[in-house]
Amino acid sequence: MNTLAKEQSVDVDSREYVDALRHSCAHVMAQAVQELFPGTRITIGPAIENGFYYDFDGPHHFTEEDLPKIEKRMRQIAEGNHPFIGKEVTPEESRKFWEARGEKFKVELLDGIVARGEKVTHYSHDNYVDLCRGGHLQDTRGIRHFKLLSVAGAYWRGDEKNPMLQRIYGTAWPTKDQLDKHLKMLEEAKARDHRKLGPALDLFSIQELAGPGLIFWHPKGGLMRLIMEDWLRAEALARGYQMVYTPHIANVELWNTSGHRSFYKDNMFGEIEVEKGEYQLKPMNCPFHILIYQSRLRSYRELPLRLSELGTVYRYERSGVLHGLMRVRGFTQDDAHIFCTPDQIEGEVEGCIDFALHVFKTFGFERYQMEVSTWDPAKRSDYIGDEGDWGRAQAALESVLKRRGVPYKLCPGEAAFYGPKIDVKLIDAIGRSWQLSTVQFDFNLPRKFGMEYIAPDGSRKQPLMVHRALYGSIERFFGILIEHYAGHFPLWLSPVQVKILTLTEAQNDAALALESRLKAAGLRPAVDLRGEKIGAKIRDAQLEKTPYMVVLGPRDVASGTLAVRLRDGRQLSGVTESQFVSKLSQECAEKLTSPHWEQPQ
RNA sequence: GCCGGGAUAGCUCAACGGUAGAGCAAUCGCUUCGUAAGCGAUAGGUUGUGGGUUCGAAUCCCAUUCCCGGCUCCA
């Protein structure tokens, strides 16, 4: 807590204070920008998570080089200790004020405020005035620990039909420590960026000749994917899922039936002509699983039917949105569709949640956030499906989370038009959240396809459909894993688990023999026989983030024991080979995220 | 898709109108070494691509591809 806050008896850690600080910072930035770049018009400048931004319109094209200049002027202004003063003004006064300055965006905002019947307020500090509903510090003294970060484009009012404004992002904090910590986190995030680490560790690449958004899994990444897939398949089978495989393209008639050709058209690759028909790459697996369901008449006795596939889909994402492994044009979903009766939904939802939590735990994610998206009853006509189904489904989603004691956020109005859902965002090692698993009801497709089952009374009923993905996409999940571990993968996922480093050529045979014994024991070893010094070999293995290194010199060959070095720098000597194998095997079997060796003496 | 910024050897960068360089990596040779970089040599580039301006273009202009920061959208 800083002295200023004490003096003003404010809780500097409260969200209100921090937001006020950031919002105030935005005002000061707008003042600085308008002073330094005359002719710049202002729009809005809110506080956001970790910082603030302000959107500008004007003749000057801002670049990163402008930021230090703006920052400097901001500091000067802030040091003036100007109080923030709010006052209510009449709409007429306000209009006159903004029109006189040619601030057309502010006039537009004013129109909105007036139309909503809200009070019009102006907030000023120093000689600067902004149309603003308030939420500021008492004065500019609290604005000390901030940094401008980047320049970006942003649509006026977030609508892509509107003109593009220039946005300057900044971060601001009550204390220097917090600012430094945040800047350090940004640096850390940059250092563990999967787009950098992935190719550096030879896990994957994206090839310009092949096209953007298409992933090439290299041998090491491919092996990791294999492990992730095998683990997931085994889990799914154990949980009563049945694995299926379906094609990558289908006749446009299928997409007409499913409705994707209308509501998902923009995200689908174009038609491929085949003889007299037209085909399209699949953007989703759902219709294919429905076709399997419909391949014969189904009885209620078969339900719940859980069809699962590692299904590769292709989506025509707009070029500007692609991002490493996180947002691509071709990806594989661990996709399953559960067809069930109304009285089975709660059990099925619970099964999904349970499975998702198991996935997180296994891969070492401790923290996550659940969001339940429900409909907005006021806009009933926007949704497909009957009210009873929606009600039951939403109740099931919530009651499962409550029963499991999983905290969640309710997001009314966030449901898709075809059903409510649970989205899971997991929090990675440095506190960032990622959208991952999703459990969604679908009241649309069963209807579109006329799905049925024979009920106990002999009547034909429509099954309920739940769509669920846990990894979400294997590509994205892999990207998150890389960043979460910064490349220091748990042993069971590491493509190379043990690197055997020879001291001299005399140990080559012993090294190769050890390698094959470790292989036979089910481990993934590699040898480094190069004529380099041991320091260089260790350095290289370390840069590859290999979990275990075994240094093999004459002493070790003579003693028959292993000199083991862990990725974290710990060294263990005199380890017997059987101890080593059993420790590593156990570490893999238990899927430990960090090795459990005792500290050496 | 939109706004802005980029692209030089496998990687990190230099040269900023006057014959493209360095370190690391690679290859070969020497070294046989005890826990994060031994020594030397060699090879590696139509400066993303295509046009244009110029006596001369990595450098200036136009187009295009891809990448980056965002917006919009999303697994």
Side-chain angles (χ1 to χ4, degrees), chain A residues 53 55 57 61-66 149-169 190 193 195-196 199-200 202 205-213 264 266-267 283-285 311 313 315-335 416 423-425 434-438 440 467-477 479-480 501-508 529-544 549-556 563-567 569-573:
Chain A
Y53 67 78
D55 284 347
D57 177 52
H61 286 291
F62 293 102
T63 66
E64 308 258 322
E65 279 117 61
D66 294 326
L149 297 175
S150 61
V151 185
Y155 298 106
W156 167 233
R157 302 197 143 173
D159 188 331
E160 60 181 319
K161 290 179 198 82
N162 284 339
M164 175 100 15
L165 306 169
Q166 300 184 70
R167 174 172 298 180
I168 299 180
Y169 280 97
K190 213 169 156 187
D193 191 325
R195 292 168 302 178
K196 187 90 189 153
D202 202 15
S205 65
I206 297 170
Q207 304 285 338
E208 185 169 346
L209 186 59
Y264 211 69
D266 290 347
N267 278 302
M284 294 191 187
N285 302 299
V313 297
R315 297 184 184 175
Y316 178 49
E317 299 290 352
R318 298 198 286 176
S319 57
V321 307
L322 301 172
H323 183 96
L325 292 173
M326 305 300 192
R327 190 78 183 273
V328 295
R329 283 186 173 153
F331 60 100
T332 301
Q333 295 179 304
D334 63 315
D335 207 0
D423 282 328
V424 190
K425 291 183 173 157
W434 303 93
Q435 156 80 52
L436 198 73
S437 313
T438 180
Q440 308 190 353
H467 167 113
R468 132 295 67 151
L470 304 182
Y471 290 160
S473 110
I474 298 183
E475 284 75 5
R476 179 177 289 181
F477 188 73
I480 296 168
L501 313 176
T502 52
L503 210 64
T504 74
E505 268 171 5
Q507 289 81 47
N508 283 7
L529 302 178
R530 292 175 306 161
E532 295 288 347
K533 290 177 84 166
I534 196 66
K537 293 189 184 188
I538 286 172
R539 179 168 194 271
D540 290 342
Q542 202 72 53
L543 290 174
E544 288 164 15
M549 284 154 254
V550 172
V551 174
L552 210 56
R555 294 209 295 264
D556 312 291
V564 177
R565 183 190 163 101
L566 277 67
R567 184 160 55 180
R570 276 186 281 165
Q571 289 174 40
L572 313 159
S573 55

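On a predicted model such as this, the values are computed, not experimentally measured, just so you know. Proteins come first, then strands; the chains are lettered A, B, ... in the order of their sequence lines, and each starts at number 1.
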Q | Nearest non-hydrogen partners of A:W156 and A:N162, listed with the distance | A | O-ND2, 2.8 Å
Q. Atom CG in A:L165, atom CG in A:D57: separation rounded to 0.5 Å?
A. 5.5 Å
Q) Using atom C1' of each nucleotide, how far apart are B:A43 and B:A9 to the nearest Å? A) 11 Å
Q) Will you find, in the side chains of A:T502 and A:E505, an N or O donor that is under 3.5 Å from an N or O acceptor? A) no
Dump every N/O contact between nucleotides 10-13 of chain B and the protein below 3.5 Å, one line per pair.
from: B:U12; atom 1: OP1; to: A:K196; atom 2: NZ; distance (Å): 3.0

Q) How is A:I534 classified with respect to the nucleic acid when contacts are heavy atoms under 4.0 Å: base, sugar-phosphate, or nothing? A) sugar-phosphate
Q: Both distances under 3.5 Å, Watson-Crick or G-U wobble: report the partner of B:A20, or none.
A: none
**Q.** Any strand: nucleotide that pairs with B:U54 via Watson-Crick or wobble, under 3.5 Å
**A.** none
(Q) If we count only N and O atoms by modelled type, under 3.5 Å, do the side chains of A:R565 and A:Q542 hold a donor and an acceptor together? (A) yes
(Q) Is there a side-chain contact between A:R195 and the phosphate of B:C68, meaning an N or O under 4.0 Å from OP1 or OP2? (A) yes
**Q.** Along RNA chain B (nearest heavy atom to each residue), the more 5'-positioned of A:L503 and A:Y169
**A.** A:L503
Q) What integer distance in Å separates A:L165:CG from B:G4:P? A) 12 Å
Q) Do A:R315 and A:R329 come within less than 4.5 Å of each other through their side chains, counting heavy atoms only? A) no
Q: Find the partner of B:C30: check Watson-Crick (N1-N3 plus N6-O4 or O6-N4) and G-U wobble (N1-O2, O6-N3) distances, both under 3.5 Å, and reply none if neither fits.
A: B:G38
(Q) Going by purine N1 to pyrimidine N3 plus the second Watson-Crick contact, or the G-U wobble pair, all under 3.5 Å, which nucleotide sits opposite B:U59? (A) none
Q) Atom NZ of A:K161 and atom P of B:U72: how far apart are they, to the nearest Å? A) 13 Å
Q.
If we count only N and O atoms by modelled type, under 3.5 Å, do the side chains of A:Q207 and A:S205 hold a donor and an acceptor together?
A. yes
Q) Checking all strands, does A:E208 fall into the base, sugar-phosphate, or nothing category for heavy-atom contacts under 4.0 angstrom? A) base
Q. How is A:P163 classified with respect to the nucleic acid when contacts are heavy atoms under 4.0 Å: base, sugar-phosphate, or nothing?
A. nothing
Q.
What I want to check is whether an N or O donor and acceptor connect the side chain of A:R318 with the base of B:U72 at under 3.5 Å.
A. yes
Q) Out of B:C74, B:C33, B:C66, which nucleotide sits closest to the side chain of A:T504? A) B:C33
Q.
Using a heavy-atom cut-off of 4.0 Å across all strands, would you classify A:L436 as base, sugar-phosphate, or nothing?
A. sugar-phosphate
Q. Whole Å only: how far is the CD atom of A:E544 from the P atom of B:C24?
A. 18 Å
Q | Touch class at under 4.0 angstrom, heavy-atom based, for A:R167 against every strand present | A | sugar-phosphate
Q.
With nearest nucleotide decided by heavy atoms, which residue, A:E475 or A:R530, maps closer to the 5′ end of RNA chain B?
A. A:R530
**Q.** Touch class at under 4.0 angstrom, heavy-atom based, for A:S150 against every strand present
**A.** sugar-phosphate
Q. How far, in whole Å, is B:A57 from B:A20 if one measures between their P atoms?
A. 11 Å
Q. Do A:M326 and A:W434 come within less than 4.5 Å of each other through their side chains, counting heavy atoms only?
A. yes
Q. How long is the gap from CG on A:L543 to CD1 on A:I538, to the nearest 0.5 Å?
A. 12.0 Å
Q | Complementary nucleotide for B:A25 - Watson-Crick or wobble, under 3.5 Å | A | none
Q | A:D556 vs A:Q507 side-chain heavy atoms within contact, under 4.5 Å | A | no
Q | Minimum-distance nucleotide to A:E505 side chain [options: B:G34, B:U32, B:G70] | A | B:U32
**Q.** Sugar-phosphate, base or nothing in reach of A:A506, heavy atoms under 4.0 Å
**A.** nothing
Q. Between A:Y155 and B:G1, is there a side-chain N or O to OP1/OP2 distance below 4.0 Å?
A. no
(Q) Please classify the nucleic acid contact of A:V313 as base, sugar-phosphate, or nothing, using heavy-atom distances under 4.0 Å. (A) nothing
Q: Give a yes/no answer on whether the side chain of A:T63 brings an N or O atom under 4.0 Å of OP1 or OP2 in B:G5.
A: no
Q: With P as the reference atom in both, quote the distance from B:G51 to B:C71 in angstrom, rounded to an integer.
A: 38 Å
Q: Searching all strands shown, indicate the nucleotide that pairs with B:A14 (Watson-Crick or G-U wobble; both distances under 3.5 Å).
A: none
Q.
Base, sugar-phosphate or nothing for A:G531? Non-hydrogen atoms, less than 4.0 Å.
A. base
Q. In whole angstrom, what separates A:R555's CZ from B:G34's C1'?
A. 6 Å
Q: Measure from CD on A:E317 to C1' on B:C73 and round the result to the nearest Å.
A: 7 Å
Q. Do A:E317 and A:N267 have side chains that get closer than 4.5 Å, going by heavy atoms?
A. yes
Q. Under 4.0 angstrom, heavy atoms only, what part of the nucleic acid is A:G320 near: base, sugar-phosphate, or nothing?
A. base
(Q) Regarding A:E532, tell me which of base, sugar-phosphate or nothing describes its non-hydrogen contacts under 4.0 Å with the strands shown. (A) base
Q | Given B:U35, B:U32, B:C66, the nucleotide with the shortest approach to the side chain of A:I538 | A | B:U35
(Q) So that I can tick it off, tell me whether A:R318 and A:E160 are bridged by a salt bridge, with the cut-off set at under 4.0 angstrom between side-chain N and carboxylate O. (A) yes
(Q) Mind checking if A:G472 touches a base, just sugar-phosphate, or nothing, with heavy atoms under 4.0 Å? (A) sugar-phosphate
Q) For B:C2, which nucleotide is its Watson-Crick or G-U wobble mate, given both distances must be under 3.5 Å? A) B:G70
Q | Complementary nucleotide of B:U8, counting Watson-Crick and G-U pairs under 3.5 Å | A | none
Q.
B:A36, OP1 or OP2 - any side-chain N/O from A:R565 closer than 4.0 Å?
A. yes
Q.
By the 4.0 Å heavy-atom rule, please label A:G158 as base, sugar-phosphate, or nothing.
A. sugar-phosphate
Q: Answer yes or no: is there an ion pair linking A:D193 with A:R195, defined by an N-O contact shorter than 4.0 Å?
A: yes
Q) Under the 5.5 Å and 30° test, is A:F331 stacked on the base of B:A75? A) yes
**Q.** Spacing between A:D159 atom CG and B:C71 atom P, to the nearest angstrom
**A.** 15 Å
Q.
On the side chain of A:R327, is there an atom forming a donor-acceptor pair with the base of B:C73 - under 3.5 Å, no angle test?
A. yes
Q) In whole angstroms, how far is the P atom of B:G69 from the CG atom of A:L149? A) 13 Å
Q: Could you tell me the separation between the CH2 atom of A:W156 and the C1' atom of B:G70, rounded to a whole number of Å?
A: 18 Å
Q. Taking the same atom, P, in B:G56 and in B:G52, what whole-Å distance lies between them?
A. 12 Å
Q) For A:A536, which contact category applies under a 4.0 Å heavy-atom criterion: base, sugar-phosphate, or nothing? A) sugar-phosphate
Q | Candidates B:C33, B:A75, B:G1 - which lies nearest the side chain of A:K533 | A | B:C33
